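Note that this is a predicted model, so its numbers are computed, not measured.
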Amino acid sequence: MSAYRTQGKPDRNLALELVRVTEAAALGAARQIGRGDKEAADQAAVDAMRHMLDSVRFDGVVVIGEGEKDRAPMLFNGEHIGDGSPPAVDIAVDPLEGTTPTARGMPSALSVIALSPRGTMFDPGPCFYMEKLAGAAQIADLLDLDRPLEETVKLVAKRKGSDVGDVMVVMLDRPRNEDGLRRVREAGARARLISDGDVSAVLLACDERSAVDLLWGIGGTPEGVLSAAAVKCLGGGLVGRLSPRDDAEREAALAAGYDLERVLDCDALIASDDCLFSATGVTDGDVLAGVRYEGASGATTESLVMRSRSGTVRRIFARHDRAKLAAL
């Protein structure tokens, strides 16, 4: 029995309530675009998201949040959200994925939230990073972290009936990913380097219509869980493996019982076929348009709202009256 439906009756679509949450966070963060203060941008998104979450009726626990309680005053890991009424759910949030791009006025910042039944969302524990590989449904069965990356790139080209030189791999531009970048280029494929935005990049890689064929790289584990919810809704594949930053983190993970050799697929990261995902653009990107202002008090947003059980993917364009929203 789904956590979101009642026997014999149309189910309540929480996804359509969650989009109001990401819209609010995006509108809050957008006032900080280009102002050079990523902490202020993040705080504005957190404040707006937490305020709007109070209007959603559910019994929620934040599994993926802004950090431990002593580091984040709101939306911290373990925080209880909602009025305690059914359904009981796990929540993953990234009020502002792309704090630096927002502060600098750069592309592809998003506000993101995912939700699944209680006890089904992977808790990263002490592991901040994971190696990830993602792609659209056509190549989902080719995703293998134990196979050399250059071989996977060639298999993707073969599956798509293209030259390896046509394959595009998106990855975070970080020193830890330099070896993978070298392998991709030596295989003859192309690389698209991004400064931030794992979730946005996964959405791009899983879109059959995009110019990106594959996402690879070591990025945030929380973003991996959020991305898994999106992939379960959108279709495609994602696999990940925890990647401790240092010996201390490795020992902490092992002591907590984490298997650092285990490959985590979408079902391991979100152990339910009944999850929800919403993302709203903050700055313009390949996946979503950012917040745009109209006149003295108007603004528009674009959001991607999805649910895995029905397979419904909605793209929602909304016009907002900021003066009226502020009064509410």
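- Taking every heavy atom of both residues into account, M168 and A211 meet most closely at CB-O, 3.3 Å.
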Using the side-chain contact (heavy atoms from CB on, under 4.5 Å) rule, take S195 and D173 through it: C-alpha gap first, then chi angles, then the decisive distance, then the call. CA-CA 6 Å; S195 63; D173 187 7; 5.9 Å; no

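- Residues A114 and A229 come closest through the heavy atom pair CB-CB, 3.7 Å.
- Atom CE of M130 is separated from atom CZ of F122 by 6.5 Å, given to the nearest 0.5 angstrom.
- Side-chain contact between R159 and V156 is absent, with no heavy-atom pair separated by less than 4.5 Å.
- Separating the CG atom in L145 from the CG atom in L264 is a distance of 9.5 Å, to the nearest 0.5 Å.
- Between C266 and L238 there is a side-chain heavy-atom pair separated by less than 4.5 Å.
- At a cut-off of 3.5 Å, with distance as the only test, no side-chain donor of S111 or T22 sits close to an acceptor on the other residue.
- Atom CZ of R245 and atom OH of Y129 lie 6.0 Å apart (nearest 0.5 Å).
- When each of E150, E178, E151 is paired with R183, the salt bridge (charged side-chain N to carboxylate O under 4.0 Å, His left out) condition holds for E150 and for no other.
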Check the pair K232 / D265 against salt bridge (Lys or Arg N to Asp or Glu O under 4.0 Å), numbers first and verdict last. CA-CA 10 Å; K232 296 198 83 163; D265 61 11; over 6 Å; no

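- A cation-pi arrangement is present between R31 and Y293, with the terminal nitrogen or guanidinium carbon under 6.0 Å from the aromatic centre and inside a 45° cone about the axis.
- Here the CG atom belonging to L14 is positioned 6.0 Å from the CG atom belonging to L276, to the nearest 0.5 angstrom.
- One finds no salt bridge joining R241 and E261 here, because no Lys/Arg side-chain nitrogen approaches an Asp/Glu carboxylate oxygen to under 4.0 Å.
- Environment of CG in D273: sparse, with no more than 12 heavy atoms of neighbouring residues, nucleotides or ligands closer than 6.0 Å.
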Could you go step by step and tell me if E294 and R319 meet the salt bridge (Lys or Arg N to Asp or Glu O under 4.0 Å) rule? CA-CA 9 Å; E294 296 181 341; R319 180 172 286 108; 3.0 Å; yes

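- A donor-acceptor pair under 3.5 Å links the side-chain atoms of E79 to the main chain of F76, judged by distance alone.
- The residue from I64, N77, L242 that alone fulfils the side chain to side chain contact (heavy atoms under 4.5 Å, CB included) condition with P124 is I64.
- Counted within 6.0 Å of CZ on R314, heavy atoms from surrounding residues, nucleotides or ligands total 12 or fewer; the atom is thus considered open.
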Any chance you could lay out the salt bridge (Lys or Arg N to Asp or Glu O under 4.0 Å) test for K38 and D42, step after step, and finish with the verdict? CA-CA 6 Å; K38 65 180 185 179; D42 191 45; over 6 Å; no

Give the intermediate values and the outcome of side-chain contact (heavy atoms from CB on, under 4.5 Å) for residues L288 and R315. CA-CA 9 Å; L288 290 166; R315 192 173 288 270; 3.4 Å; yes

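- V231 and L142 are not part of a single hydrophobic cluster, where members link through side-chain heavy atoms under 4.5 Å apart.
- Put simply, I194 and L304 are part of the same group of oily side chains (I, L, V, M, F, W, Y) that touch within less than 4.5 Å, one to the next.
- Judged by distance alone, the side chains of R147 and T152 do bring a donor and an acceptor atom under 3.5 Å apart.
- A donor-acceptor pair under 3.5 Å is formed between the side chain of D90 and the backbone N or O of M121.
- Not one N or O on the side chain of R292 forms a donor-acceptor pair closer than 3.5 Å with the backbone of A299.
- For the residue pair E249 and F128, the shortest heavy atom distance occurs at OE2-N, 3.4 Å.
- The CG atom of L234 sits 7.0 Å away from atom CG of D207, with the distance rounded to the nearest 0.5 Å.
- At least one side-chain heavy atom of P244 sits less than 4.5 Å from a side-chain heavy atom of L260.
- Looking at D274 and S272, their side chains never bring a donor and an acceptor atom within 3.5 Å of each other.
- Residue R190 qualifies as enclosed at atom CZ: its count of foreign heavy atoms under 6.0 Å is above 12.
- Neither L53 nor V112 shares a network with the other; the hydrophobic side chains, linked directly or stepwise wherever heavy atoms of I, L, V, M, F, W or Y lie under 4.5 Å apart, form separate groups for each.
- Of all the heavy atoms in E208 and A137, the pair that sits closest is OE2-N, 3.6 Å.
- Judged by distance alone, the side chains of T301 and H320 do bring a donor and an acceptor atom under 3.5 Å apart.
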Evaluate the side-chain contact (heavy atoms from CB on, under 4.5 Å) criterion for residues M49 and L96: first the C-alpha distance (whole Å), next the side-chain angles of each, then the deciding distance (0.1 Å), finally the verdict. CA-CA 10 Å; M49 177 172 279; L96 183 56; over 6 Å; no

Quick one: do D166 and K160 satisfy salt bridge (Lys or Arg N to Asp or Glu O under 4.0 Å)? Show the steps, please. CA-CA 10 Å; D166 297 330; K160 293 195 167 188; over 6 Å; no

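- Proximity of a side-chain donor or acceptor of R192 to a complementary backbone N or O of V170 within less than 3.5 Å is not detected.
- Around atom CZ of R174, more than 12 heavy atoms belonging to other residues, nucleotides or ligands sit under 6.0 Å away.
- Separating the CZ atom in R20 from the CD1 atom in I316 is a distance of 12.0 Å, to the nearest 0.5 Å.
- Across all their heavy atoms, G224 and K132 have their closest contact at N-NZ, 3.7 Å.
- Note on V202: it does not cluster hydrophobically with I139, by side-chain heavy-atom contacts below 4.5 Å among ILVMFWY residues.
- Annotation: side chain of L254 is not in contact with side chain of D259 (no heavy-atom distance under 4.5 Å).
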Assess whether side-chain contact (heavy atoms from CB on, under 4.5 Å) is satisfied between L18 and V305, documenting all intermediate values. CA-CA 8 Å; L18 294 181; V305 188; over 6 Å; no

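- Looking only at side-chain heavy atoms (C-beta outward), W216 and V153 stay at 4.5 Å or farther from each other.
- Within a 6.0 Å radius of NZ in K158, other residues, nucleotides and ligands contribute 12 heavy atoms or fewer.
- Under the 4.5 Å side-chain heavy-atom criterion for Ile, Leu, Val, Met, Phe, Trp and Tyr, M52 and L75 are members of the same hydrophobic cluster.
- Relative to the six-membered ring of F277, R307 misses at least one condition, a distance below 6.0 Å or an angle of at most 45° to the axis.
- Only one option out of V225, L204, V287, L226 pairs with V199 in a side chain to side chain contact (heavy atoms under 4.5 Å, CB included); it is L226.
- Checked for salt-bridge contact, D83 and R57 miss the test: no charged N lies under 4.0 Å from a carboxylate O.
- Side-chain contact between L27 and V282: absent, with no pair of heavy atoms (C-beta onward) separated by less than 4.5 Å.
- Of the charged side-chain nitrogens involved, at least one lies within less than 4.0 Å of a carboxylate oxygen, so that D54 and R50 count as a salt-bridged pair.
- For T120 (side chain) and P117 (main-chain N/O), a donor-acceptor pair under 3.5 Å exists by modelled atom type.
- In this structure, the side chains of V46 and E66 come closer than 4.5 Å at one or more pairs of heavy atoms.
- Between V89 and I91 there is a side-chain heavy-atom pair separated by less than 4.5 Å.
- Minimum heavy-atom separation, T283 to I33: CG2-CD1, 3.7 Å.
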